[in-house]
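We count residues from 1, following the sequence as given. Quick note: numbers below take in every heavy atom, side chains included, and nothing from hydrogens, waters or symmetry partners.
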Amino acid sequence: MCSSPTAKRTGRPRSADADRAILAATRTALAEQGWGRLTLGDVAARAGVAKTTLYRRWAGKNELVVDAMAALFEEQLDLPDRGSLEADIRGVVLRFAELLNRPETRTALMAVIAEAAHDDALRVRIREAIVDRQKHLVVLGRKRAQERGEIPPEDGAADAAAGPDRDNLIFDVVAGAVVHRVMVSSEPVDEEWAGRLAVLLVVGLAGLHTAQDL
């Protein structure tokens with residue numbers, strides 16, 4: 001007699017509510033205490049869960065903090081269609097700046113970046129859990145702009161092959177400019193600044209396609 005797949009499952013299923021509470025507690029503890037004083041035991045107490053609940057989900061502090069950050073950035077993965085490439089870029093820039101201006105995001109991001117400077121595994125985890133997923137916004141924005149006729153579609157295998165490098169460059173420009181503006185220069189990212197950056201990128205995209213055709 002064969003057992004059903006359900007009968008073979010052991011242990012309790014993960015609780016989405018518990019996960020959310022743990023990740024929120026991690027961000028709060030990190031903002032209040034910093035990386036060095038953050039412990040999984042303290043996070044468990046703040047989240048109101050047993051230590052074993054947390055340890056079953058995350059192997060250590062690196063994984064926990066990156067996942068806590070990734071949960072915030074996941075909120076940015078939708079891209080409302082605002083009708084034009086320039087408007088789409090402006091919207092992404094404003095939302096990204098708003099996220100970075102949240103104290104828990106700012107503190108956590110600065111902590112993980114500092115720690116990743118001498119931890120290769122943490123740097124890889126940040127790239128896979130946060131950076132690579134955020135690049136989806138660039139890909140989606142480019143495809144919509146091509147469908148509207150704002151930028152040329154890929155023309156042949158060579159152009160298609162160059163697409164990922166172009167997307168990576170666009171992401172680096174947007175993320176780098178906003179992070180520097182918010183976290184280094186401490187200047188506001190308002191509608192005017194976001195609009196100027198969007199215009200710069202739209203003009204630059206046209207230049208990239210023109211240069212590739214030469």
Side-chain angles (χ1 to χ4, degrees), residues 24 27-28 30-32 34-35 65-66 68-117 123 126-153 162-212:
R27 294 189 293 267
T28 301
L30 190 60
E32 292 178 0
W35 181 278
V65 171
V66 172
M69 288 298 302
L72 289 178
F73 282 92
E74 287 287 312
E75 299 171 5
Q76 310 296 310
L77 285 179
D78 66 307
L79 183 64
D81 190 339
R82 293 178 168 85
S84 71
L85 178 58
E86 182 181 330
D88 285 349
I89 294 172
R90 185 168 63 250
V92 168
V93 167
L94 290 170
R95 284 198 312 168
F96 185 35
E98 182 181 2
L99 176 62
L100 292 180
N101 273 314
R102 291 164 62 173
E104 60 181 2
T105 309
R106 183 190 294 259
T107 304
L109 187 59
M110 292 177 69
V112 296
I113 289 175
E115 192 68 18
R123 189 160 54 247
I126 292 170
R127 184 178 67 243
E128 292 177 347
I130 300 175
V131 176
D132 287 348
R133 289 181 59 77
Q134 291 295 310
K135 290 179 181 179
H136 153 81
L137 296 173
V138 176
V139 175
L140 180 55
R142 173 174 53 78
K143 288 181 178 178
R144 284 182 180 169
Q146 288 172 334
E147 291 170 357
R148 297 188 196 108
E150 295 175 283
I151 58 176
D165 287 340
R166 188 164 54 233
D167 293 340
N168 288 339
L169 177 59
I170 295 166
F171 178 84
D172 289 344
V173 171
V174 173
V178 178
V179 169
H180 186 275
R181 179 85 173 177
V182 173
M183 303 184 69
V184 179
S185 299
S186 295
E187 296 287 343
V189 174
D190 52 19
E191 287 277 356
E192 181 182 357
W193 188 87
R196 292 202 304 269
L197 179 60
V199 170
L200 180 65
L201 284 166
V202 170
V203 173
L205 274 169
L208 279 176
H209 282 282
T210 301
Q212 198 165 28

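Considering every non-hydrogen atom in both Val202 and Ile89, the closest pair reads CG2-CD1, 4.1 Å. Pairing each heavy atom of Leu77 with each of Gln134, the nearest pair is CD2-NE2, 3.6 Å. Minimum interatomic distance between Glu86 and Ala198 (heavy atoms only, all atoms of both residues): O-CB, 3.5 Å. Residues Ala31 and Glu104 approach most closely at CB-CA, 4.3 Å, considering heavy atoms. The minimum heavy-atom distance linking Ala129 with Ala70 is given by the pair O-CB, 3.8 Å. Between Met69 and Ile130, the closest heavy-atom pair is CB-CD1, 3.7 Å.
Ion pairing between a basic and an acidic side chain is recognised when a charged N comes within 4.0 Å of a carboxylate O; Lys135 and Asp172 show no such pairing. A salt bridge does not link Arg102 to Glu98: none of the charged nitrogens lies less than 4.0 Å from a carboxylate oxygen. Look at Asp190 and Arg181 and you find no salt bridge, because none of the NZ, NE, NH1 or NH2 atoms lies under 4.0 Å from a carboxylate O.
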Exercise. Please report the C-alpha distance between Val65 and Trp35 in whole Å, then the side-chain angles of each, then the deciding distance to 0.1 Å, and finally whether the side-chain contact (heavy atoms from CB on, under 4.5 Å) criterion is met.
Key: CA-CA 9 Å; Val65 171; Trp35 181 278; 3.7 Å; yes

Could you go through the side-chain contact (heavy atoms from CB on, under 4.5 Å) check for Val93 and Val174 one step at a time? CA-CA 7 Å; Val93 167; Val174 173; 4.1 Å; yes

Legend entry - Asp81/Arg148 under side-chain contact (heavy atoms from CB on, under 4.5 Å): CA gap, chis, key distance, verdict: CA-CA 11 Å; Asp81 190 339; Arg148 297 188 196 108; 2.6 Å; yes

Note to self: Before you tell me yes or no, could you show the steps for Leu100 and Arg106 under side-chain contact (heavy atoms from CB on, under 4.5 Å), namely the whole-Å CA-CA distance, both residues' side-chain angles and the distance that decides it to 0.1 Å?
What the structure shows: CA-CA 5 Å; Leu100 292 180; Arg106 183 190 294 259; over 6 Å; no

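In this structure, the side chain of Arg90 does not engage the main chain of Glu191 through any donor-acceptor pair within 3.5 Å.
The distance from the CG atom of Leu79 to the NZ atom of Lys143 is 12.5 Å, given to the nearest 0.5 Å. Atom CG in Leu201 sits 13.0 Å away from atom CZ in Arg196 (nearest 0.5 Å). Atoms CZ and CG, from Arg144 and Leu140 in turn, are 4.0 Å apart once rounded to the nearest 0.5 Å. To the nearest 0.5 angstrom, Met183 atom CE is 9.5 Å from Asn101 atom CG. Within the model, atoms CG of Leu30 and OG1 of Thr105 stand 10.5 Å from one another, a figure rounded to the nearest 0.5 Å.
Summarising the local packing, CZ of Arg133 is surrounded by 12 or fewer heavy atoms from other residues, nucleotides or ligands at distances under 6.0 Å.
Looking at Asp78 and Arg95, their side chains come closer than 4.5 Å, going by heavy atoms from C-beta outward. The shortest side-chain heavy-atom distance between Phe96 and Val182 does not fall under the 4.5 Å cut-off.
When each of Glu150, Arg82, Arg142 is tested with Asp88 by the rule side-chain contact (heavy atoms from CB on, under 4.5 Å), just one qualifies, namely Arg82.
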